[in-house]
Amino acid sequence: MTVLPSSSLQAAAPWLRADWRPDSGQVLAVRGGRPLEGVYPISGAKNAILPLMISALLTPHLVTLRNVPASLDVAVLSALLRRLGTEMHWSMTASGLSVTLSADRLQPGSIDGELVSRMRASVLLLGALLARCGEARLPMPGGDAIGLRGIDFHLAGLRAMGAEIELASGLIEARAPQGLTGAEILLPLPSVGATENLMLAAVAASGTTVIRNAAREPEIVDLAHCLGAMGAKIVGAGSHVLTIEGGAALTGAVHDVVPDRIELGTLACVAAVTDGEILLRHGRAAHLGAALSAFQAAGVDLCEEADGLRARRAPGGLAGIDVVTQPYPGFATDLQAPTMALLTLAKGASAITETLFEQRFLHVGELRRMGADIAVHGRTARVRGVAGLHGATVACTDVRAAAALVIAGLAADGETVLTGLDHLDRGYDRIVDKLAACGADIVRR
Ligand code: UD1
């Protein structure tokens, strides 16, 4: 197989071209004040696609993923996987972007440090490569600047499965010359990444692995479904205890990526803050967890329909609420910044407490430049609703901060200019085109 992006694919996702490089010169100009209306198709989940693509390394057979989001993270991971000898074929159909991966000639030694440093999820290569090749050598991964984000749970779990791991000069060197063996693992926190890494390792280990205090996010369930379609035996996905019987010979699979619940929540905020009405096609209310009732209390009406969720502002208007981020099904930390943008315009006061990441208020300063009234005390941001926001030049500092600034810009008077667009592109599939189709005045220049 070769990488042959069709012209339509290049138009939708230019970064999937092998020679694409980020263009830091670009900015996004948003003119707010228009109620957005229409249909917004929710893409496959940003946080599901990365472990799903890496799961293809576990088998020499073909794995096809459909409903792939055309995000910059996908491009970075694609480049990483190509360096490892994975072949990929992309196609664009009316139902979305698909990729078929073939990892029958894997070269575990050749990992690109610059690419790893751009994406924290690349740490998931550890579990998959150890499982398939018995070795992995990886620079310490990077990612968003939202906190310390250790990988100690990942390493402890893999060590419990028999891996020898050394850390030196910014490198992780892991070996399992005799193969991995099943183990009982208790995670100190229900870490999403650690749960995924250990699932990937455990399906190829000999014997049974039990992961206690496992993460329960829909993306974990989606990974379990894909691995199950490949022949893995996993019980308990979506609960606190995952039991994985390892050692089954894995086949290929065809899998549809779960819709993105964070894109769903972000767009619900857009509909409400602009006083518009948007059908969020493919959106699943149940995947919002605690955010569903929080949105309703804040005046974001979400009504389930046959092919998605209809989002609009409640007749009583937006109201301040208190929010505490928690692992799923608690209020998602990834919806904290978008929700804060919404609450800047709600009647009354809100308190937003971030419990997962210590530096996840980088958007506060930028929202203030647009007229928001927000004060941060430790891990809590107190937001007093204002009558209106005004356009300003603001910088995106992480993917969800970028989404918050888009929401604020769509509601603000005048023009908002966003810089640092790589952050937005990391996680949001064609957001500019999809918002423009709902009537937004939004353009890259
Ligand atoms: C994933 C999501 C991210 C989301 C986060 C929490 C992907 C690609 N990213 O990130 O969008 O915000 O879940 O829902 O899916 N921790 C440790 N040691 C570890 C692992 C985690 O201390 O070994 C800590 C982290 O610093 C953090 C907390 O545990 O404070 C939760 O992190 P985790 O669930 O692992 O987040 P990610 O998988 O990195």
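First listed ligand is number 1; within each ligand, the first listed atom is number 1. Position 1 is the first residue of the sequence, and the numbers go up from there.
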K.L.:
Answer yes or no: does an N/O atom from F357 fall short of 3.5 Å to an N/O atom of ligand 1?
P.N.:
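N/O-N/O distance below 3.5 Å does not exist for this pair.
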K.L.:
Considering L124, L335, D334 one by one, which has a heavy atom nearer to atom 11 (O) of ligand 1 than any of the others?
P.N.:
D334
K.L.:
For ligand 1, is any non-hydrogen atom under 4.0 Å from S191's backbone (N, CA, C, O), its side chain (CB onward), both, or neither?
P.N.:
both
K.L.:
Geometry only, no angles: is F153 polar-contacting ligand 1 at N/O separations under 3.5 Å?
P.N.:
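Right, the criterion is met.
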K.L.:
Please work out whether any backbone atom (N, CA, C, O) or any side-chain heavy atom from C-beta onward of R120 is under 4.0 Å from ligand 1, and answer side chain, backbone, both or neither.
P.N.:
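Within the 4.0 Å criterion, R120 contacts ligand 1 through side-chain atoms alone.
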K.L.:
Before signing off on this row, confirm whether E196 and ligand 1 have an N or O atom pair separated by under 3.5 Å.
P.N.:
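Looking only at distances, the answer is no, because the N/O contact criterion of under 3.5 Å is not met.
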K.L.:
N/O to N/O below 3.5 Å, does that happen between P190 and ligand 1?
P.N.:
no
K.L.:
Heavy atoms only, cut-off 4.0 Å: how does T333 contact ligand 1, side chain, backbone, both, or neither?
P.N.:
side chain
K.L.:
Under 4.0 Å, counting heavy atoms only: does R360 come that close to any atom of ligand 1?
P.N.:
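True for this residue.
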K.L.:
Any chance CZ of R384 has more than 12 other-residue heavy atoms, nucleotides or ligands included, within less than 6.0 Å?
P.N.:
no
K.L.:
Could you tell me, atom by atom, which parts of ligand 1 come under 4.0 Å of a heavy atom of V192?
P.N.:
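Listed by number with element, the hits are 1 (C), 13 (O), 33 (P), 34 (O), 35 (O), 38 (O).
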K.L.:
Run down the list A215, G193, G427, A332 and name the one with the heavy atom closest to atom 38 (O) of ligand 1.
P.N.:
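Minimum heavy-atom distance to atom 38 (O) of ligand 1 goes to G193.
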K.L.:
Report the C-alpha separation of S55 and L223 in whole Å, then their side-chain angles, then the decisive distance to 0.1 Å, and conclude whether the side chain to side chain contact (heavy atoms under 4.5 Å, CB included) test is met.
P.N.:
CA-CA 8 Å; S55 73; L223 177 61; 4.1 Å; yes
K.L.:
Tell me whether the count of non-hydrogen atoms from other residues, nucleotides or ligands lying under 6.0 Å of CD in E184 goes above 12.
P.N.:
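Atom CD in E184 is packed in, count exceeds 12.
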K.L.:
Under 6.0 Å from the NE2 atom of H61, do we count more than 12 heavy atoms belonging to anything else shown?
P.N.:
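Counting neighbours around NE2 of H61, more than 12 heavy atoms of other residues, nucleotides or ligands fall under 6.0 Å, so yes.
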K.L.:
Side chain, backbone, both or neither: which part of L189 has a heavy atom under 4.0 Å from ligand 1?
P.N.:
side chain
K.L.:
Is there a nitrogen or oxygen of L356 sitting under 3.5 Å from a nitrogen or oxygen of ligand 1?
P.N.:
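The answer is yes, given that L356 and ligand 1 share an N or O pair closer than 3.5 Å.
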K.L.:
I'd like to know whether CZ of R175 has more than 12 heavy-atom contacts from other residues, nucleotides or ligands below 6.0 angstrom.
P.N.:
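Enclosed: over 12 neighbouring heavy atoms sit under 6.0 Å from CZ of R175.
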K.L.:
Does the pair K46/D260 count as a salt bridge with the N-to-O cut at 4.0 Å?
P.N.:
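Salt bridge absent between K46 and D260.
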K.L.:
Would D334 and R360 satisfy salt bridge (Lys or Arg N to Asp or Glu O under 4.0 Å), going step by step from the backbone distance to the final call?
P.N.:
CA-CA 9 Å; D334 286 355; R360 210 167 202 184; 2.8 Å; yes
K.L.:
Could you check T181 against S206 for side-chain hydrogen bond (donor to acceptor under 3.5 Å, both in side chains), going step by step and ending with a plain yes or no?
P.N.:
CA-CA 5 Å; T181 47; S206 60; 5.5 Å; no
K.L.:
Could you check whether atom CZ of R382 has more than 12 heavy atoms from other residues, nucleotides or ligands sitting under 6.0 Å from it?
P.N.:
no
